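Some notes on the structure that comes next.
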Amino acid sequence: MAAAHGQVPGSGRTQELSFSAEEVDSRMEDRYIDRMVDLAAAGRLDEDHALLARLRYISAELIRAAIELKPEAARWEWEVHTTSDPEVDAICMAGGKILVGSAFVRQLALNDGELATLLAHEVAHAVAEHHRETFSEAVLLNRFPAVPLDVVMARLDSDLSLQIRLSNLSSLQESEADQLGMVLAHRAGWSASDMVSFYRKLAEGEQAALVSGAYPATASRLSMAKGMARLFDD
């Protein structure tokens, strides 16, 4: 399994990548489809039509900004859905598969600019190929032989010790998604004040869905947002 080298758009951070983007995108699409089928069967997919319309309107310009930073993202089959599953906050899988929890949006009472900041954070994970990097790092940490990606994904799902060993990378990726997400939101035309407001709401509410060991402290995220906002204002 020959490793390739990638580079995160914007920051220039280098990544060692053991799996191809096409393989990772395909596997994550399979997972996304399985999840959509399960949510639809439970009656929890796309019930909030007003929120879905907002998400699709907001995501259009974010996707345009993402493609400007990562031209190959133009080939992704982007999808946007919403769910009433209270366990879901927001995700964007490799290849541009977005899912947002309506309960989380209501809990934070997000306006469009704040919702754009949430979406931009998730889109940034896909643009930075964080899933691909995580799977590759799992191979490197365990010195796996040339095993299929499905095996690595299964190990990541079930092996707590491996998850803990990847926690430093996860924290780095979350910080990166915060900053790159704000760049994407700014390029898409959203107000820096709304971006700061989003992180302030997280800090004030200590929202469990986006506050865990994988994320930087909420106070640090708010400070980062304020600093980025000052850069945008210059």
Side-chain angles (χ1 to χ4, degrees), residues 1 4 6 8 15 17-48 51-52 55-56 59 62-63 66 70 72-105 118-142 144 146-167 169-170 173-174 176-177 181 209-210 212 214-215:
M1 184 184 299
V8 177
Q15 301 163 300
L17 305 169
S18 301
F19 300 100
S20 71
E22 292 76 16
E23 184 178 12
V24 172
D25 290 354
S26 176
R27 294 299 185 278
M28 296 309 290
E29 182 178 16
D30 290 343
R31 284 199 167 188
Y32 186 79
I33 291 171
D34 288 343
R35 192 162 194 179
M36 295 305 101
V37 169
D38 289 344
L39 289 172
R44 289 186 173 274
L45 183 66
D46 293 340
E47 316 103 296
D48 190 334
L51 176 59
L52 183 60
L55 290 171
R56 289 179 172 169
S59 65
L62 290 175
I63 291 168
K70 190 179 187 68
E72 52 263 52
R75 299 193 297 271
W76 295 351
E77 295 182 1
W78 292 87
E79 289 187 41
V80 182
H81 293 283
T82 183
T83 178
S84 60
D85 184 343
E87 299 299 316
V88 175
D89 47 23
I91 60 172
C92 182
M93 293 186 177
K97 309 301 184 185
I98 300 169
L99 179 66
V100 176
S102 55
F104 182 71
V105 174
L118 171 64
L119 280 173
H121 171 94
E122 300 305 332
V123 169
H125 279 303
V127 168
E129 296 196 86
H130 284 160
H131 281 106
R132 184 182 176 197
E133 180 180 30
T134 297
F135 299 146
S136 302
E137 185 65 17
V139 171
L140 295 172
L141 280 177
N142 284 274
F144 287 151
V147 296
L149 176 57
D150 288 342
V151 173
V152 177
M153 293 171 67
R155 283 288 303 274
L156 267 172
D157 288 341
S158 61
D159 190 338
L160 179 59
S161 66
L162 179 56
Q163 295 169 18
I164 292 171
R165 290 161 68 194
L166 287 167
S167 60
L169 175 62
S170 296
Q173 290 174 341
E174 292 303 334
E176 195 165 66
L210 285 181
S212 71
Y215 293 90

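Quick note: numbers below take in every heavy atom, side chains included, and nothing from hydrogens, waters or symmetry partners. Being a predicted model, the structure only gives us computed values, none of them experimental.
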Distance-only, no hydrogens or angles: does the [X] side chain make a donor-acceptor pair with backbone N or O of [Y] under 3.5 Å?
X: Gln163; Y: Leu156; result: yes
X: Ser136; Y: Leu17; result: no
X: Thr82; Y: Leu52; result: no
X: Lys97; Y: Glu77; result: yes

query = Which of parallel (below 30°), tilted (30 to 60°) and perpendicular (above 60°) describes His121 and His125?
reply = perpendicular
Looking only at non-hydrogen atoms, find the nearest pair between [X] and [Y] and report the distance.
X: Ser84; Y: Ser102; value: CA-OG, 3.4 Å
X: His81; Y: Leu45; value: CB-CD1, 3.9 Å
X: Thr83; Y: Arg44; value: OG1-O, 2.7 Å
X: Ala103; Y: Pro86; value: CB-CA, 4.5 Å
X: Cys92; Y: His131; value: O-CE1, 3.8 Å
X: Val123; Y: Ala66; value: CG1-CB, 3.9 Å

inquiry  = I'd like to know whether Leu39 forms a side-chain contact (heavy atoms from CB on, under 4.5 Å) with Leu99, so could you lay out the CA-CA distance, the side-chain angles of the two residues, the decisive distance to 0.1 Å, and finally the verdict.
reply    = CA-CA 11 Å; Leu39 289 172; Leu99 179 66; 3.9 Å; yes
Less than 4.5 Å apart, side chain to side chain, heavy atoms only: is that true for [X] and [Y]?
X: Asp25; Y: Glu29; result: no
X: Arg132; Y: Gln15; result: no
X: Glu137; Y: Leu166; result: yes
X: Phe19; Y: Val139; result: yes
X: Ile98; Y: Trp78; result: yes
X: Phe135; Y: Glu23; result: no

query = According to the salt bridge (charged side-chain N to carboxylate O under 4.0 Å, His left out) rule, which pairs have a member within residues 33-43, sequence neighbours left out?
reply = none
message = Nearest 0.5 angstrom please: Glu133 CD to Leu169 CG, how far?
response = 4.5 Å
message = Side chains of Thr134 and Gln173 only: does a donor on one sit below 3.5 Å from an acceptor on the other?
response = yes
Would you mind writing out the side-chain donor-acceptor pairs for residues 146-153 within the sub-3.5 Å range, not counting sequence neighbours?
residue, atom, partner, partner atom, Å
Asp150, OD1, Arg27, NE, 2.9

